[in-house]
Number of protein chains: 2
Amino acid sequence: MTEIRVLLVDDHPVVRAGLRAMLNDFDGVWVAGDVADGAAAVAEVRKLAALGQPVQVVLMDLQMGEGMDGVTATRTIRALEDPPQVLILTTYDTDADIIAAVEAGAGGYLLKDAPPEEIRRAVQSAARGQTALAPEVAARLMGRISSPTTSLSAREIQLLELLATGMPNRRIAKELFISEATVKTHLVHIYDKLGVDNRTAAISAARQQRIIRR
Amino acid sequence: MTEIRVLLVDDHPVVRAGLRAMLNDFDGVWVAGDVADGAAAVAEVRKLAALGQPVQVVLMDLQMGEGMDGVTATRTIRALEDPPQVLILTTYDTDADIIAAVEAGAGGYLLKDAPPEEIRRAVQSAARGQTALAPEVAARLMGRISSPTTSLSAREIQLLELLATGMPNRRIAKELFISEATVKTHLVHIYDKLGVDNRTAAISAARQQRIIRR
DNA sequence: CCGCCGGTCAACCGATCGGTTGATGTCGCG
DNA sequence: CGCGACATCAACCGATCGGTTGACCGGCGG
């Protein structure tokens, strides 16, 4: 069997080195490259495909300081012809962008504190075209899908995260390119779903339910 | 010159592997071990010292999921006889624990997105007993030290904790057996000291500065 | 094809919050 | 003693939030 070619995308040199070291320890896996942001990832995927050495799996960090973000990069890569699988790599299993990433075509999901064995399994599953979600994450996603009324939408979680930073509605509106009216509408829905009646309590509840962290 | 022996402390296997790979690429540096939490770090430092192979530098992550935290571990290690230098490793240069860590005896400071060269320099500086703070961080620390810690009073912290649960002023007043007016006065002082201008931001700031948890 | 859900926006109004000024009392420290 | 730090309360007003009603649109599923 031919080797699985992997591209690493993470803005932290340390993490790239760590993944490279880990993956190269595994037989059948070859790290074809590592880049620091989404745009470079897209370029690298294209280049390697053009060279006749296409990668089968992209390990993509969601949190990237600057440049193209992970979700956009995932969408762009998955829109190429004969695209590689994209495995999302993130620090928190509460990350609201999980859903966005999966919708963008990510085929799997990994927490950064995953043990090497889990990373290896995920890469190999992805290379076989299987989706491989971490158990907790899969459960969370399933929960979202199965009970749409009791759980917050991706947009609502996104709002909640800005809320937790202490922004007033006006700034949240600006940040999300929507009107203040819309922000208020979302907030009402959030209060409803969380069973509270003000922003501060919403944050407290959301934190307690691990919908947001930090 | 004999090699610099380094101990890695980080709860993420990926990061440990990355640092190990990076550091072992440098001549004169030897990674003597890597552990996942503070308690294990203390034990490992002791063990290696007993074996006559003491580490000169500990690379210590501040954010660790469970077990002994980085600040406590730093303090404990620096209290040993003939202790190694401790280099703090963290993701955010805004981390309030920086100050605590430096007070606990940390001799240096590194951001996780630092390039390999910077990491190497920091380790070598630390091994020579020099403190090596990243420029931005050093500036931040100086700023903090110059402006005497405008710390909150016990009463204000008490209020902050109720605030974080989502109570409106009226209920906080009832809870503390004071008038709503007094609650507002306290809040103004809290906003002042934290450099914010609304309750939600105050909670966010207080949490970030570890004034309140959860 | 029609209904529902999610996301968007507007207008309105009462409730709450943010900020100010000013006042009183207590406690500890030089 | 006098000063400062802390805690307490009041009154006031503009800004923001909370809650409602109603509306439009796009997508997805029955």
Side-chain angles (χ1 to χ4, degrees), chain A residues 71 75 96-105 141-206 211, chain B residues 147-206 211:
Chain A
V71 174
R75 196 184 343 269
D97 288 337
I98 296 174
I99 290 110
V102 170
E103 282 167 0
L141 289 177
M142 295 312 276
R144 303 254 186 153
I145 294 163
S146 65
S147 60
T149 35
T150 47
S151 133
L152 299 156
S153 71
R155 191 58 156 174
E156 285 161 352
I157 293 175
Q158 198 177 4
L159 222 131
L160 212 33
E161 270 160 2
L162 296 183
L163 200 62
T165 68
M167 288 187 190
N169 291 345
R170 193 172 305 165
R171 232 177 319 168
I172 296 176
K174 239 168 217 163
E175 203 73 22
L176 298 181
F177 303 106
I178 58 180
S179 82
E180 208 176 326
T182 306
V183 172
K184 290 171 68 172
T185 305
H186 282 308
L187 287 184
V188 171
H189 295 156
I190 291 172
Y191 300 156
D192 262 0
K193 292 181 180 176
L194 295 180
V196 298
D197 64 354
N198 68 65
R199 57 176 53 214
T200 316
I203 294 168
S204 172
I211 297 168
Chain B
S147 64
T149 319
T150 53
S151 76
L152 298 156
S153 72
R155 191 59 156 173
E156 284 162 351
I157 292 175
Q158 195 178 5
L159 220 134
L160 211 33
E161 270 158 3
L162 296 183
L163 200 63
T165 69
M167 289 187 189
N169 290 346
R170 192 172 303 162
R171 233 180 316 171
I172 296 177
K174 242 167 212 164
E175 202 75 22
L176 297 180
F177 303 107
I178 58 180
S179 83
E180 209 176 324
T182 305
V183 172
K184 288 170 68 173
T185 304
H186 282 309
L187 287 184
V188 171
H189 295 156
I190 292 172
Y191 300 157
D192 261 1
K193 293 182 180 175
L194 295 181
V196 300
D197 65 352
N198 68 64
R199 56 176 54 215
T200 315
I203 295 170
S204 171
I211 296 168

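A note on names: the letters A, B, ... follow the listed sequences, proteins ahead of strands, and every chain is numbered from 1.
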In this structure, how many angstroms lie between the [atom2] atom of [N] and the [atom1] atom of [X], rounded?
| X | N | atom1 | atom2 | value |
| --- | --- | --- | --- | --- |
| D197(A) | dA15(C) | CG | C1' | 11 Å |
| R170(A) | dC17(D) | CZ | C1' | 12 Å |
| R171(B) | dA15(C) | CZ | C1' | 14 Å |
| I190(A) | dT8(C) | CD1 | P | 12 Å |
| Y191(A) | dC17(D) | OH | P | 8 Å |
| L187(B) | dT16(D) | CG | P | 17 Å |
| L194(B) | dG18(C) | CG | P | 13 Å |
| L159(A) | dG18(D) | CG | P | 12 Å |

Contact between [X] and [Y] at the side-chain level, heavy atoms closer than 4.5 Å - yes or no?
| X | Y | answer |
| --- | --- | --- |
| M167(A) | N198(B) | no |
| I190(A) | V196(A) | no |
| R155(A) | L176(A) | yes |

| said: Counting primed atoms plus P, OP1 and OP2 as sugar-phosphate and everything else as base, spell out the protein contacts along nucleotides 5-11 of chain D at 4.0 Å heavy-atom distance: B, S or - for each nucleotide, 5' to 3'. | reply: --SBBB-
Closest heavy-atom contact between [X] and [Y]?
| X | Y | value |
| --- | --- | --- |
| L160(B) | A206(B) | CD2-CB, 3.7 Å |
| T200(A) | R199(B) | OG1-CD, 3.4 Å |
| A164(A) | S204(B) | O-CB, 3.3 Å |

| said: To the nearest 0.5 Å, what is the distance between CD on E175(A) and CD on Q158(A)? | reply: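 E175(A) CD to Q158(A) CD: 10.0 Å, rounded to 0.5 Å.
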| said: Can you confirm whether the side chains of T182(A) and S179(A) place a donor and an acceptor under 3.5 Å from each other? | reply: yes
| task | Nearest-nucleotide wise, let me know which of V188(A) and N169(A) is further upstream toward the 5' end of DNA chain D. | result | N169(A)
| task | May I ask you to decide whether K174(A) forms a salt bridge with E180(A), counting only side-chain N to carboxylate O separations under 4.0 Å? | result | no
| note | Parsed dot-bracket for DNA chain D after applying the Watson-Crick and G-U rules with both distances under 3.5 Å and | for other-strand partners is ||||||||||||||||||||||||||||||
